[in-house]
Amino acid sequence: MSAKKQKLSSKLNKNQKTKVAVAKRKPSTKKGTTKKKVQRQSITVRKKLTIIEENLNEKKELVKEEFSKKKKKEVADSNSARLKTKKRKVDILKWLREFILVIKNFIIYIFDKAKNYKRLITITMIILIIFATGVAVYKKLDKQDVFTYYGAYQIGDKVVLPDGSIWYVVDYSNNKTARIKLLAEKPIDVNNDGKIDNKDKLPFDKNEKAEYNKKNEGNIAHYLEMTYKSTLGDLKGTIAVNLLTSKEYIKLRDSFEFGYEWKNGNFLASTTLGYWWINTIQNSKVYTVNTIGSYVLLPSTKENYVRPVITIDKVNIK
């Protein structure tokens, strides 16, 4: 019995040792397998991300290409309309010259034949009627913009005014429209020291009123109308001064596909431009554009830069 017990105990010991050995080996196998799986998964994820990034880049390029084509087409259409307008103007002027020449020859002929005052009076009346008809025709054609070409402008186009200041087009304007809406490239130099710094910042309203009110002396609208407007110089036509609205800002931002925030500055937002007011109010606070192009709601008494928007006649553009 003792011999059997010894054999049994030896078998049990061997089985236990085998289990222990297996148990020791298993964790290392699992770890190796897990690492390989993680590596394979990470490679797969990287490949997928690369593919997604490539697809996004392709889509961006396609969108840019479409936008570029659209802009080129609009410019081409604008140039075509301009040429047609010029041709029409030339044709009408040619016709007018020929008409005047015929009238001139007719008058010379009549004067040569006229032998008394009655005929002279009749000739004078005929001349006056012809002249009045010509003036009426000219006015009618002028109302149809036959003699005037204003030029077409796209949203975001850069223009220069007579004083050398740079502005950006806010709304699309075709060649039939005489006026144009522009956003200043830089904030207003409030203290006229030739540089833009913290001294040039203004509150939206000194009296904590979240409203755009030209009658309120402490309001930014009053400053733009009564002080800033007079600094614009000898611009022709009626000038309207305002601030950009949030809708206009979004339209500008979207037309250039800037996105909601950006690292690199542009003409809409940058560290140089800082925070600047826009004419949109919510919950008794006023929106500003920050340095990365997104919105920030601030109290009306907070001081920020002012970028004016003016509506002027296109003849002022250099």
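As the structure is a computational prediction, the values presented were derived from the model and not from experiment. Along the sequence shown, the residues carry numbers beginning at 1.
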Open item on the list: Taking ring-ring contact (aromatic ring centres under 6.0 Å, His included) as the cut-off, I'd like each qualifying pair that reaches into residues 213-239, sequence neighbours left out, listed once.
Closed with: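 Listed by first then second residue: nothing to list.
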- [ ] Could you note down all residue pairs passing ring-ring contact (aromatic ring centres under 6.0 Å, His included) where residues 180-199 supplies at least one of them, sequence neighbours left out?
- [x]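 Every pair satisfying ring-ring contact (aromatic ring centres under 6.0 Å, His included) with a residue in residues 180-199: there are none.
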Please report the interatomic distance [atom1]([X]) to [atom2]([Y]), rounded to the nearest 0.5 Å.
{"X": "N283", "Y": "I281", "atom1": "CG", "atom2": "CD1", "result": "11.5 Å"}
{"X": "D205", "Y": "N207", "atom1": "CG", "atom2": "CG", "result": "5.0 Å"}
{"X": "F267", "Y": "T272", "atom1": "CZ", "atom2": "OG1", "result": "15.0 Å"}

List for me each residue that meets salt bridge (charged side-chain N to carboxylate O under 4.0 Å, His left out) alongside [X], sequence neighbours excluded, and say none if there are none.
{"X": "K251", "value": "D171"}
{"X": "K314", "value": "none"}
{"X": "K158", "value": "none"}

- [ ] Determine yes or no for a side-chain-to-main-chain donor-acceptor pair under 3.5 angstrom, with N266 supplying the side chain and A269 the backbone.
- [x]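 Yes; judged by distance alone, with no hydrogens or angles, the pair exists.
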Open item on the list: Taking T280's backbone N and O only, do any of them form a donor-acceptor pair with S246's side chain (distance below 3.5 Å, no angle check)?
Closed with: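 Here the side-chain-to-backbone pair does not exist.
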Sequence neighbours excluded, which residues qualify as side chain to side chain contact (heavy atoms under 4.5 Å, CB included) partners of [X]?
{"X": "D313", "value": "R179, V315, N316"}
{"X": "K195", "value": "D193, D197"}
{"X": "D163", "value": "L161, S165"}
{"X": "L243", "value": "F204, Y212, I220, L224, W277, N279, V306"}

TODO: Look at atom CD of E211 and say whether more than 12 heavy atoms of other residues, nucleotides or ligands are closer to it than 6.0 Å.
DONE: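 Result for CD/E211: enclosed.
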Which heavy-atom pair separates [X] from [Y] by the least distance, and what is that distance?
{"X": "S255", "Y": "I155", "answer": "OG-CG2, 3.7 Å"}
{"X": "L273", "Y": "E185", "answer": "CD2-O, 3.6 Å"}
{"X": "P308", "Y": "I188", "answer": "CD-CG1, 3.6 Å"}

Establish whether [X] and [Y] are linked, either directly or via other cluster members, by ILVMFWY side-chain heavy-atom contacts under 4.5 Å.
{"X": "L252", "Y": "I166", "answer": "yes"}
{"X": "L297", "Y": "L244", "answer": "yes"}
{"X": "L268", "Y": "I292", "answer": "no"}
{"X": "Y168", "Y": "I250", "answer": "yes"}

- [ ] If a pair satisfies salt bridge (charged side-chain N to carboxylate O under 4.0 Å, His left out) and one of its residues is in residues 220-231, list it, with sequence neighbours excluded.
- [x]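 Only K214-E225, E225-K229 qualify under salt bridge (charged side-chain N to carboxylate O under 4.0 Å, His left out).
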Open item on the list: Go through it in stages, so that I can follow the logic: the residues are L182 and V169, the test is side chain to side chain contact (heavy atoms under 4.5 Å, CB included), and I'd like the CA-CA distance, side-chain angles, deciding distance and then a yes or no.
Closed with: CA-CA 5 Å; L182 306 169; V169 178; 3.9 Å; yes
Open item on the list: Counting C-beta onward and ignoring hydrogens, is there a side-chain heavy-atom pair between V309 and V241 closer than 4.5 Å?
Closed with: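 When only atoms from C-beta onward are counted, V241 and V309 do not touch, as no gap falls below 4.5 Å.
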- [ ] Consider only side-chain N and O atoms of N213 and N219, and report whether a donor and an acceptor are under 3.5 Å apart.
- [x]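 Distance-only check fails for N213 and N219.
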Task: Qualifying residues under side-chain hydrogen bond (donor to acceptor under 3.5 Å, both in side chains), relative to Q282, sequence neighbours excluded - done: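 Partners of Q282 under the side-chain hydrogen bond (donor to acceptor under 3.5 Å, both in side chains) test: Y287.
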Task: Stepwise side chain to side chain contact (heavy atoms under 4.5 Å, CB included) check, I239 with T311 - done: CA-CA 6 Å; I239 306 164; T311 304; over 6 Å; no
Task: Inter- and intrachain pairs under side-chain hydrogen bond (donor to acceptor under 3.5 Å, both in side chains), touching residues 289-308, at least two apart - done: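 Counting only pairs at least two positions apart or across chains, the side-chain hydrogen bond (donor to acceptor under 3.5 Å, both in side chains) contacts touching residues 289-308 are N290-S294.
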Open item on the list: I278 vs V289, test: side chain to side chain contact (heavy atoms under 4.5 Å, CB included). Steps then yes/no.
Closed with: CA-CA 7 Å; I278 56 177; V289 176; 3.9 Å; yes
TODO: May I ask you to decide whether E217 forms a salt bridge with K206, counting only side-chain N to carboxylate O separations under 4.0 Å?
DONE: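 Result for this pair is no, no salt bridge flagged.
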- [ ] Walk me through it: do K199 and V190 pass the test side chain to side chain contact (heavy atoms under 4.5 Å, CB included)?
- [x] CA-CA 8 Å; K199 293 177 183 177; V190 176; over 6 Å; no
